[in-house]
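Chain A is the first sequence line, chain B the second, and so forth, proteins listed ahead of strands; every chain is numbered from 1. Values below: every heavy atom of this structure, side chains too, minus hydrogens, waters and symmetry copies.
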There are 4 protein chains.
Amino acid sequence: MQSETSRIEAFSDGVFAIAITLLILDVRVPPSTAGNLFAALIRQWPTYAAFLISFSFIGLMWVNHHRLFNHIRRSDNGLMFYNLLLLLGVTVVPFPTALIAAHYNAADRTLSAAAFNGTYFVIAIFFNVLWRHAVRGDLLDSATREAADSISRQYTVGPVAYLVCFGLTWVSVPVSLLANIVLAVFFALPPRTKTAKHAPQMQGATK
Amino acid sequence: MQSETSRIEAFSDGVFAIAITLLILDVRVPPSTAGNLFAALIRQWPTYAAFLISFSFIGLMWVNHHRLFNHIRRSDNGLMFYNLLLLLGVTVVPFPTALIAAHYNAADRTLSAAAFNGTYFVIAIFFNVLWRHAVRGDLLDSATREAADSISRQYTVGPVAYLVCFGLTWVSVPVSLLANIVLAVFFALPPRTKTAKHAPQMQGATK
Amino acid sequence: MQSETSRIEAFSDGVFAIAITLLILDVRVPPSTAGNLFAALIRQWPTYAAFLISFSFIGLMWVNHHRLFNHIRRSDNGLMFYNLLLLLGVTVVPFPTALIAAHYNAADRTLSAAAFNGTYFVIAIFFNVLWRHAVRGDLLDSATREAADSISRQYTVGPVAYLVCFGLTWVSVPVSLLANIVLAVFFALPPRTKTAKHAPQMQGATK
Amino acid sequence: MQSETSRIEAFSDGVFAIAITLLILDVRVPPSTAGNLFAALIRQWPTYAAFLISFSFIGLMWVNHHRLFNHIRRSDNGLMFYNLLLLLGVTVVPFPTALIAAHYNAADRTLSAAAFNGTYFVIAIFFNVLWRHAVRGDLLDSATREAADSISRQYTVGPVAYLVCFGLTWVSVPVSLLANIVLAVFFALPPRTKTAKHAPQMQGATK
């Protein structure tokens, strides 16, 4: 049972591990000929910001991926393909993150922020497609299956919220980025009280 | 039983995870001094195309590798070496992919396309060698063993089809690349109807 | 039981494997046009030193991570987040290591050494936070649970010792680096005699 | 039992997967402005040679590592440290491989070949240290334990043979490299006939 998805998870862990560490490659040591080291280190703050944001967000997506697969008991072809689609989204994340970090103070920051927020909108759709396939294909464990409709409604919140966030880019870039961070924290939080009953996959790891 | 090949699969997953993410390293953030960002992003479309194609094709090969190993129950020295050979092919894939993407509009696109199509011809041979070794060495599970001859015939289709695709390069580069994509989709599809009975390894993950 | 943390460990292993090999990327082959090869190889000693130190220290942290998780039997949301925090620290290590190696003979070596020693102070805090969460959340196996208070006291030594080491940077850079190495060896050693009874997690792998 | 070394193996697999794919990063796509593509591709043959040799040799070391751990049933601190030492050697391999490939036709090829052959001498010692620790620490399974003395004698062949190979560098670089390749093939072959009885760890994967 459990083992049917274990290789999908192992491969996914490898891809997540690479994606989450990718932007540390952009954090370079200033050469000793570059003058004042402290100033040189400060100057490259966008690379630190990009690494930290990309690490945090991919980390949160890993947590959500882990929770989701905690409740998938069977595997099929569709699951492998939709999971590959999600991993494609995860692998791309470092690029728009580095883009907005490098162009935040430049003329093109709206375009960069749109790429950044748009990426999360697409990933939210990929998460939904994966979840709905698991429901339709009867791949869930029995406890999760009962709550599937209720959970599906919750999952719909993701793409809608990220679409609003994407639209906010043209109203105000800082507000849209703040909204993106708030959404990341919101989806990372485990549900409590009433919701918890209906959303076993949300407490995945505790189960 | 199952565990005999588990470390081979874990190591393979690591190599696949690295190969599939490799070309995202070529997708660079244009510097903020590069003028119009949108134009700069569009200009580097070959790096996006190379990443997407290499991610998709290596993803499909991972699915096929996963299906194959779902039906291998025992391991021996030959299996480890032929698997290394296959992983060598997978690791190489990003290079000819980046090559054809960079030279598609240049004078040398036939050479680049030949390298690209030729790589898949070689990988199809490596998949065959691995499969035939598993048959000969009696490494399959019992259900698969019965259908082995029938499956072997199907496996032969791969090298032949990719050889035709390779030859098409000198007829028409676009047609040969299209044929390559069609073949990738074809081998990714799980078999249905009559074929399914004879090809249990093709539905690997559902089993 | 065991399997509840297994995916956290697998993902962590992937991140550790990337972080530990990262600085080999900075060890470049001198071009054959660079004149005397021996001299060219000697000249780039800081890249060898950085790789060796970063490999050794991340290796020791992997051992400690492995020991710690040997005694964690259950998982929850907090564990995943605090583990991500620790992995963030591990991924950062190669950067200050390459920094001090490149600037050891330059004007800014105090700043570089402070970054290096400070990183380990922060990681020691992250290890403590992870351990204390496991105690509070009742995630340990029963044998470890009994000795938890005693072990928590031992864990407190880490941040205090690394804070002293951090402070030593402004007294003498070589002494502070030596202290850092001594601490790494000290925390890598398995406890013997009396301590062993109270610190089962320290002999993790032997259990 | 089995599971005691499983995380050591998983981490090792990650490090092996990175080391084995490392030199594909040096295989670059010639820019479309570089003139004749075929000539440009041929010109960079040392990067292909370095990748192929490093992939093959690290692949064979992975096979040997896999065989060795197939017969280790228990883990302790020493095993983790000696395994880290071996992984350090494996991670270094791509560097001297790229060195000899780049300098084979240059004035310094003796130095490069010495670095290459010397690396395998050191790794052979690390393999011995790991094996002897497993014997002394009583970490082997019972079948292997009986044949331990006989196997230890066989293991001694490695460092001696690679020391001869290292010495040959100053006699003739091509001969020393050929000897190195012959040794790699020799250690990759599973033992047959009489030896097989005394060397169960050599057929690891078949067992």
Original post:
Counting only heavy atoms not in B:Y82, do more than 12 fall under 6.0 Å of its OH?
Top reply: no

**OP:** Look up atom CZ in D:R7 and atom CE in D:M80, then write down how far apart they are to the nearest 0.5 Å.
**Re:** 10.0 Å

Original post:
Heavy-atom distance under 4.5 Å to chain B: side chain of D:P30, backbone, both or neither?
Top reply: both

Subject >> Part of B:L88 lying under 4.5 Å from any heavy atom of chain D >> reply: both

Original post:
Are D:F166 and D:Y162 near enough that their ring centres are under 6.0 Å apart?
Top reply: no

Original post:
So which heavy atom on B:A19 is nearest to which on B:P94, and how close?
Top reply: O-CG, 3.6 Å

**OP:** Check whether B:L25 gets within reach of chain D through its side chain, its backbone, both or neither, counting any heavy atom under 4.5 Å.
**Re:** side chain

**OP:** Go through the atoms of D:F38 and report whether side chain, backbone, both or neither lie under 4.5 Å from a heavy atom of chain B.
**Re:** both

**OP:** Measure B:I18 against the heavy atoms of chain D and call it side chain, backbone, both or neither at under 4.5 Å.
**Re:** side chain

Original post:
Between atom CG of B:L139 and atom OG1 of B:T144, what is the distance when rounded to the nearest 0.5 Å?
Top reply: 11.5 Å

Subject >> Plane angle bin for B:Y120 and B:F57 - parallel if under 30°, tilted between 30 and 60°, otherwise perpendicular >> reply: perpendicular

Original post:
B:A106 versus chain D, heavy atoms under 4.5 Å apart: side chain, backbone, both or neither?
Top reply: side chain

Subject >> Residue part contacting chain B, namely of D:L37, when any heavy atom lies under 4.5 Å >> reply: both

Original post:
Where does B:L22 contact chain D at under 4.5 Å (heavy atoms): side chain, backbone, both or neither?
Top reply: side chain

Subject >> Candidates D:V173, D:L99, D:T97 - the one meeting side chain to side chain contact (heavy atoms under 4.5 Å, CB included) with D:F116 >> reply: D:T97

Subject >> Contact leader toward chain B among D:W62, D:F16, D:F51, where contacts are heavy-atom pairs under 4.5 Å >> reply: D:W62

**OP:** Give a yes or no on whether D:Q44 atom CD has more than 12 heavy-atom contacts from other residues, nucleotides or ligands under 6.0 Å away.
**Re:** yes

Original post:
Tell me, side chain or backbone of B:N105 under 4.5 Å from chain D's heavy atoms, or both, or neither?
Top reply: neither

**OP:** Heavy-atom distances under 4.5 Å only: say whether B:F81 touches chain D with side chain, backbone, both or neither.
**Re:** side chain

